[in-house]
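Everything on this sheet refers to the single structure shown next.
Scope of the values below: all heavy atoms of this structure, side chains included, with no hydrogens, waters or symmetry mates.
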Amino acid sequence: MTPNKLRAPKGDRYLSTQDVMQRFGISRFTLRRWHEDDKVGFPKPVFINRRHYYRESDIFRWEEKRRGIDPDVPDSVHGVEVVSGVISDYGELVDALKKHRESLKMTVMELDARSGMQEGYTTKLENWARPGYGRGAGPDTLPLWLGGLRLGIVLVTLPRAPRNFQQRAKPTVEVI
């Protein structure tokens, strides 16, 4: 378990509105604003005897997501630490690899040397979307990149379709 990742409370306790306000040091007005703003994504209350209560597990999950930790990702797979959340497109893969390199305090030149890639190639891979400069990882470079970072890929079946799946599936050529 990573030191920043906390365990969700056992059981599903309910917190009153007062408990939630005290937990975050906010006013009732701020809590109401959080409910109304979908971007905040604050959990909706449960009504018990005409009073608002919040599931502590929902509050925990919201806190973890705000900290950038996906509460649905296990700490380990077959005893090996998980270092990323679910990745569903190439940009997210590159961001996760770059973030991991930075967490190791490794420069791009060190990664080039460790992986056996040509000097400066990691910079091109990390800037893949930059026109005229970046490069995408192919079947020859992806294993080198992963090996230099000492990472592997685990494939999982998602319970739902990836984000924007419908939009991505549309043809890019216009029919006239």
Side-chain angles (χ1 to χ4, degrees), residues 1-10 12 23-25 34 37-43 54-170 172:
M1 180 167 77
T2 59
N4 292 338
K5 195 167 185 179
L6 304 173
R7 283 276 169 226
K10 299 229 180 205
D12 212 1
R23 181 175 185 146
F24 296 110
W34 285 4
D37 189 351
D38 290 336
K39 290 179 185 174
V40 174
F42 195 75
Y54 300 84
R55 287 187 184 92
E56 190 172 29
S57 59
D58 291 345
I59 298 292
F60 170 79
R61 290 171 61 79
W62 180 79
E63 288 174 318
E64 290 295 286
K65 286 179 181 178
R66 298 281 293 187
R67 292 176 56 214
I69 298 171
D70 188 348
D72 298 324
V73 174
D75 292 332
S76 66
V77 174
H78 294 291
V80 180
E81 180 187 6
V82 174
V83 295
S84 170
V86 174
I87 296 171
S88 59
D89 67 29
Y90 187 73
E92 289 176 359
L93 174 65
V94 172
D95 290 343
L97 293 174
K98 182 177 179 180
K99 183 178 176 184
H100 185 67
R101 178 187 57 77
E102 291 169 348
S103 75
L104 296 173
K105 296 180 176 32
M106 186 186 302
T107 66
V108 290
M109 289 182 69
E110 285 178 280
L111 182 53
D112 289 337
R114 273 192 185 184
S115 65
M117 291 189 288
Q118 158 186 4
E119 189 175 309
Y121 209 77
T122 299
T123 303
K124 290 181 179 188
L125 293 173
E126 289 182 355
N127 293 291
W128 65 278
R130 193 170 157 190
Y133 181 76
R135 302 281 185 270
D140 295 333
T141 55
L142 183 60
L144 295 174
W145 196 6
L146 292 171
L149 292 169
R150 300 194 63 199
L151 292 175
I153 296 176
V154 176
L155 301 178
V156 297
T157 302
L158 296 175
R160 56 181 168 63
R163 293 180 298 235
N164 302 327
F165 181 73
Q166 297 281 342
Q167 186 178 9
R168 289 183 191 176
K170 290 181 182 175
T172 55

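Within the structure, the ring-ring contact (aromatic ring centres under 6.0 Å, His included) test picks out no pair touching residues 91-120 (sequence neighbours left out). Residue pairs that meet the side-chain hydrogen bond (donor to acceptor under 3.5 Å, both in side chains) test with at least one member in residues 123-148, sequence neighbours left out, are R101-E126. Residue pairs satisfying the side-chain hydrogen bond (donor to acceptor under 3.5 Å, both in side chains) criterion with at least one member in residues 113-122, sequence neighbours excluded, are listed as follows: D112-T122.
Between W62 and W34, the ring-plane angle classifies as tilted under the 30° and 60° cut-offs.
With sequence neighbours left out, the salt bridge (Lys or Arg N to Asp or Glu O under 4.0 Å) criterion links E63 to R23. Applying the side chain to side chain contact (heavy atoms under 4.5 Å, CB included) test to A96 and every residue at least two apart in sequence or in another chain returns S84, I87.
The CG atom of D95 sits 10.5 Å away from the OH atom of Y90 when rounded to the nearest 0.5 Å. Atoms CG and CD1, on L93 and I153 in that order, are 6.0 Å from each other to the nearest 0.5 Å.
Between P143 and G138, the closest heavy-atom pair is CD-O, 4.2 Å.
Between D37 and F42 the shortest side-chain heavy-atom distance does not fall below 4.5 Å. Contact annotation: the side chain of L104 never approaches that of L111 to less than 4.5 Å [non-hydrogen atoms, C-beta and beyond]. Side-chain contact between L125 and V94 is absent, with no heavy atoms from C-beta onward closer than 4.5 Å.
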